[in-house]
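Working notes, structure below.
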Protein chains: 2
Amino acid sequence: MVKSPYTCIMNELSTEQKIIEGARKVFMAKGKSGARMQEIADEAGINKALLHYYYRSKDQLFNAVFEEVMSGFVPRLFGLLNSDLPLEVKVYQIAERYTELLTNHRELPLFILSELQNDPKRITNKIPTGREVFKNLEDQLKREFEKGNIREIKVEMFVMNLISMLVFPFAGRNLFQSVAGMDNDQYTAFLQERMIEVPKFIMNALKP
Amino acid sequence: MVKSPYTCIMNELSTEQKIIEGARKVFMAKGKSGARMQEIADEAGINKALLHYYYRSKDQLFNAVFEEVMSGFVPRLFGLLNSDLPLEVKVYQIAERYTELLTNHRELPLFILSELQNDPKRITNKIPTGREVFKNLEDQLKREFEKGNIREIKVEMFVMNLISMLVFPFAGRNLFQSVAGMDNDQYTAFLQERMIEVPKFIMNALKP
DNA sequence: GTCTATACTCTGATAGAC
DNA sequence: GTCTATCAGAGTATAGAC
């Protein structure tokens, strides 16, 4: 299962990588229960039996994909939240990075949230948890409050407000786009505009 | 298929109602592709064959459930958004109603959003769409701005910010609760606190 | 209208050749 | 490691008695 990356010759991915790529694509589009092993095999350009050769079962293949996705997503956010940048810069940076990420991976939020709802205990394995994950940011908010730069706000509220406003518009795209009567281009522009407007909104809300 | 409500005797739901109830429960918990007809039948306390007698196929049963859920959810929001209440009261009221609704129907947001992602064109049928659905609210925001009570803000931004901050914490409960190291009671308290904090946050952000 | 029994399709998983 | 062929079980849907 473990293999040197240098076995890749001439731009070709290893079979294992092709499988993971194909599986991620199909699982993210259809969800775990909606995905078909045949479709994953087709997507990877290999045979169905090979899926079982590398990963014993659909369950195990899904787990591999899910862990890969999660470990590339959540820690990145923690890094941004706890960086040493000034608060306002940090908020703008997070908005920019997340807008970029979700623009390129439209299905990411609903994939993660849906699969976690189906199997809540899946979370406990891979990613950092506990109150200290927001420690740096919490201290920063406290310092800014004591300097009189912002209102007092709990770090959980701050994080939830920021992430909600950034992620939800992507998760709810199909609903909101239809309801608001926008076409694809208009909604994409709307999301780009929010990349600036959300940080502005938040910094306004924090003004003492 | 159409039946008088008075055929219900002694607190018993009609078979059709029992089916819809059971189907909604299972579909919302497992999603369309994860749901099993047998489980729906069990939940409704009837036989599997009866499901097909009333609704020809799983697809049609799902459509019936989905339309019922949607038509009881989105229009309610429009009513609140476009009511004639003063802006601040309106925001507090929406927060209260939505927190209450989602507390009792935890799976609602991910159910709707996931199924819409699987089948985007499903939306076009049942609910009101187009720019005029926010007309009243848009006028209200404009008036308040002209009176100097609030900053200028596009109605789509306002609505998206409000709904995001209210709904996302429910959709992302499993993720955020684990990451923040809260237990169930703590997170429930967090959500209750947001019912007040989100409107406050929004009204602050709107201050000129 | 409601049930039991069953037909039939789909799909995850395995066997075995190369 | 990769393929073809096939099995076994699950799941949707239907037939037919009552």
Side-chain angles (χ1 to χ4, degrees), chain A residues 1-66 115 118-119 122, chain B residues 1-66 115 118-119 122:
Chain A
M1 214 94 132
V2 180
K3 222 179 174 181
S4 158
Y6 301 107
T7 52
C8 303
I9 309 289
M10 295 284 293
N11 248 355
E12 255 194 22
L13 295 167
S14 71
T15 301
E16 213 178 329
Q17 268 307 310
K18 283 192 293 186
I19 290 176
I20 287 286
E21 292 293 317
R24 186 175 42 178
K25 197 165 169 184
V26 176
F27 277 132
M28 284 186 60
K30 308 273 178 84
K32 179 176 168 179
S33 58
R36 297 290 162 251
M37 294 298 267
Q38 183 61 58
E39 197 179 351
I40 293 174
D42 294 346
E43 192 67 47
I46 50 113
N47 191 276
K48 208 172 45 157
L50 264 190
L51 300 179
H52 291 90
Y53 175 78
Y54 280 93
Y55 303 87
R56 278 183 59 80
S57 65
K58 185 182 180 183
D59 258 353
Q60 288 188 39
L61 177 55
F62 179 81
N63 288 342
V65 168
F66 192 75
E115 300 303 339
N118 295 342
D119 183 4
R122 188 186 298 283
Chain B
M1 213 96 133
V2 180
K3 223 182 176 180
S4 159
Y6 300 108
T7 51
C8 304
I9 309 290
M10 296 282 293
N11 248 355
E12 255 193 25
L13 296 167
S14 71
T15 300
E16 215 178 326
Q17 268 306 310
K18 283 192 293 187
I19 290 176
I20 287 284
E21 292 292 317
R24 185 174 44 178
K25 198 165 170 184
V26 176
F27 277 131
M28 286 186 59
K30 309 273 178 85
K32 179 176 167 178
S33 59
R36 297 290 161 253
M37 294 297 268
Q38 183 60 59
E39 197 180 349
I40 293 173
D42 294 346
E43 192 68 47
I46 50 113
N47 190 278
K48 211 172 41 159
L50 264 190
L51 299 179
H52 291 91
Y53 175 77
Y54 280 94
Y55 304 86
R56 279 183 59 81
S57 65
K58 186 183 180 183
D59 258 353
Q60 288 189 39
L61 177 55
F62 179 82
N63 287 342
V65 168
F66 192 76
E115 300 302 340
N118 296 343
D119 183 4
R122 189 186 297 282

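For clarity, every value in this text was computed on a predicted model and none was experimentally measured. Note on naming: letters A, B, ... go to the chains in the order of the sequence lines (proteins, then strands), and numbering restarts at 1 for each one. For the numbers below, each heavy atom of this structure counts, side chains included, while hydrogens, waters and symmetry mates do not.
- At dT2(C), one or more side-chain N or O atoms of Thr15(B) fall inside 4.0 Å of OP1 or OP2 (strictly under the cut-off).
- Note: CG (Asp59(A)) to P (dT11(C)) measures 17 Å, nearest angstrom.
- Residues Ile46(B) and Met37(A) each lie close to DNA chain C; by heavy-atom proximity, the contact nearer the 5' end of the strand is made by Ile46(B).
- Here Tyr54(B) reaches the OP1 or OP2 of dT2(C): one of its side-chain N or O atoms lies under 4.0 Å away.
- Note: CG (Leu50(A)) to C1' (dT4(D)) measures 12 Å, nearest angstrom.
- Nearest heavy atom pair, residue Thr15(A) against residue Ile46(A), reads CG2-CG2, 4.5 Å.
- Nearest heavy atom pair, residue Glu43(A) against residue Gly22(A), reads CG-CA, 3.7 Å.
- The side chain to side chain donor-acceptor pair (under 3.5 Å) test applied to Asn47(A) returns no partner, not counting sequence neighbours.
- In terms of phosphate contacts, His52(A) brings a side-chain nitrogen or oxygen within less than 4.0 Å of OP1 or OP2 of dA13(C).
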Interface polar pairs with nucleotides 4-10 of chain C, N/O, under 3.5 angstrom:
{"unit_1": "dT4(C)", "atom_1": "OP2", "unit_2": "Asn47(B)", "atom_2": "ND2", "d": "3.0"}

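- Nucleotide dT14(D) holds its P atom 14 Å from the CG atom of Leu61(B), rounded to whole Å.
- For the pair Leu51(B) CG and dT14(D) C1', the interatomic distance rounds to 13 Å; values are reported in whole Å.
- Atom OH in Tyr53(A) sits about 9 Å away from atom C1' in dT2(D), given to the nearest Å.
- Within 4.0 Å of Ala41(A), counting heavy atoms only, lies no atom of the nucleic acid at all.
- Residues Phe27(A) and Leu61(A) are in side-chain contact: their nearest non-hydrogen atoms beyond the backbone lie under 4.5 Å apart.
- Distance CD1 (Ile19(B)) to C1' (dT2(C)): 11 Å, rounded to an integer number of Å.
- Look at Arg24(A) and Glu21(A) and you find a salt bridge, because one of the NZ, NE, NH1 or NH2 atoms lies within 4.0 Å of a carboxylate O, short of that distance.
- Pairing each heavy atom of Leu51(B) with each of Met37(B), the nearest pair is CD1-O, 3.2 Å.
- For the pair Glu39(B) CD and dA10(D) P, the interatomic distance rounds to 15 Å; values are reported in whole Å.
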Compile the donor-acceptor pairs under 3.5 Å between side chains in residues 28-36 of chain A and protein atoms, sequence neighbours left out, one pair per line.
{"unit_1": "Lys30(A)", "atom_1": "NZ", "unit_2": "Glu39(A)", "atom_2": "OE1", "d": "3.0"}
{"unit_1": "Lys30(A)", "atom_1": "NZ", "unit_2": "Glu39(A)", "atom_2": "OE2", "d": "2.9"}
{"unit_1": "Lys32(A)", "atom_1": "NZ", "unit_2": "Asp59(A)", "atom_2": "OD1", "d": "2.8"}
{"unit_1": "Ser33(A)", "atom_1": "OG", "unit_2": "Ser33(B)", "atom_2": "OG", "d": "3.0"}
{"unit_1": "Ser33(A)", "atom_1": "OG", "unit_2": "Gly34(B)", "atom_2": "N", "d": "3.4"}
{"unit_1": "Arg36(A)", "atom_1": "NH1", "unit_2": "Ser33(A)", "atom_2": "O", "d": "3.3"}

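- Between Lys18(B) atom NZ and dG1(C) atom P the separation is 13 Å, expressed in whole Å.
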